[in-house]
Amino acid sequence: DFPDFEVRRLHFRAGSSEAFNETSRYALVMVVSGKLALEEQVFEAEEAAFLPAGSGIKLRCADPAGEMVLLLALPRG
């Protein structure tokens, strides 16, 4: 439990993606396993990225043969 953040665990299959559509809150995303593609950058396990509010950035599994697990932390309040 984190008093300042709500943390979600997201699972992606190879090649799948999902848009980050949070309009009022930023988020922090950390790769647990697999590879995450954000725009032109690729993040691997234990790497993290900042997602600005309203950015519409796509979270995409960059590993064509494997799955990806992410932790998505959203500020509370």
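What you see below is based on every heavy atom in this structure, not just the backbone, and it leaves out hydrogens, waters and symmetry mates.
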(message) To the closest 0.5 Å, what do you measure between CD (Glu39) and NZ (Lys58)?
(response) 10.5 Å
(message) In this structure, would Leu74 and Leu71 fall into the same cluster of hydrophobic residues linked by side-chain contacts under 4.5 Å?
(response) no
(request) Give the C-alpha distance, both sets of side-chain angles, the deciding distance and a yes or no for side-chain contact (heavy atoms from CB on, under 4.5 Å) between Phe50 and Leu28. (result) CA-CA 5 Å; Phe50 174 79; Leu28 302 172; 3.9 Å; yes
(message) Minimum heavy-atom separation for Ala45 and Ser33, please, with both atom names.
(response) CB-CA, 4.4 Å
(message) Quick one, Glu6 and Arg8 - any side-chain contact, counting heavy atoms below 4.5 Å?
(response) yes
(request) Would you give the length of the straight line joining atom CZ of Phe12 to atom CG of Asp63, rounded to the nearest 0.5 angstrom? (result) 13.5 Å
(request) Of all the heavy-atom pairs spanning Cys61 and Glu67, show the shortest one and how long it is. (result) SG-C, 4.2 Å
(message) For residues Leu59 and Val69: do they belong to one hydrophobic cluster (side chain heavy atoms under 4.5 Å, members Ile, Leu, Val, Met, Phe, Trp, Tyr)?
(response) no
(request) Check whether Met30 and Leu36 end up in the same hydrophobic cluster, where Ile, Leu, Val, Met, Phe, Trp and Tyr are linked by side-chain heavy atoms less than 4.5 Å apart. (result) no
(message) Is it the case that the side chain of Arg76 and the backbone of Phe5 share a donor-acceptor pair, with hydrogens and angles ignored and the cut-off at 3.5 Å?
(response) yes
(request) Indicate the atoms forming the closest heavy-atom contact of Arg25 with Pro75, along with that distance. (result) NH1-O, 3.0 Å
(message) Return the NE2 to CZ distance between His11 and Arg9, rounded to the nearest 0.5 Å.
(response) 6.0 Å
(request) Determine whether Phe20 and Leu10 fall in the same hydrophobic cluster, where Ile, Leu, Val, Met, Phe, Trp and Tyr are linked whenever their side-chain heavy atoms lie under 4.5 Å apart. (result) yes
(request) Over all heavy atoms of both residues, which pair between Ala49 and Leu38 is shortest? Give the atoms and the distance, please. (result) CB-CD1, 3.6 Å
(request) Find out if a path of hydrophobic residues (ILVMFWY) with successive side-chain heavy-atom gaps under 4.5 Å connects Phe43 to Leu72. (result) yes
(message) On a heavy-atom basis, which atom in Ser24 and which in Ala53 lie closest, and how many Å separate them?
(response) C-CB, 4.1 Å
(request) Might you point out which heavy atoms bring Ala14 and Pro64 nearest each other, and give the distance in Å? (result) CB-O, 3.3 Å
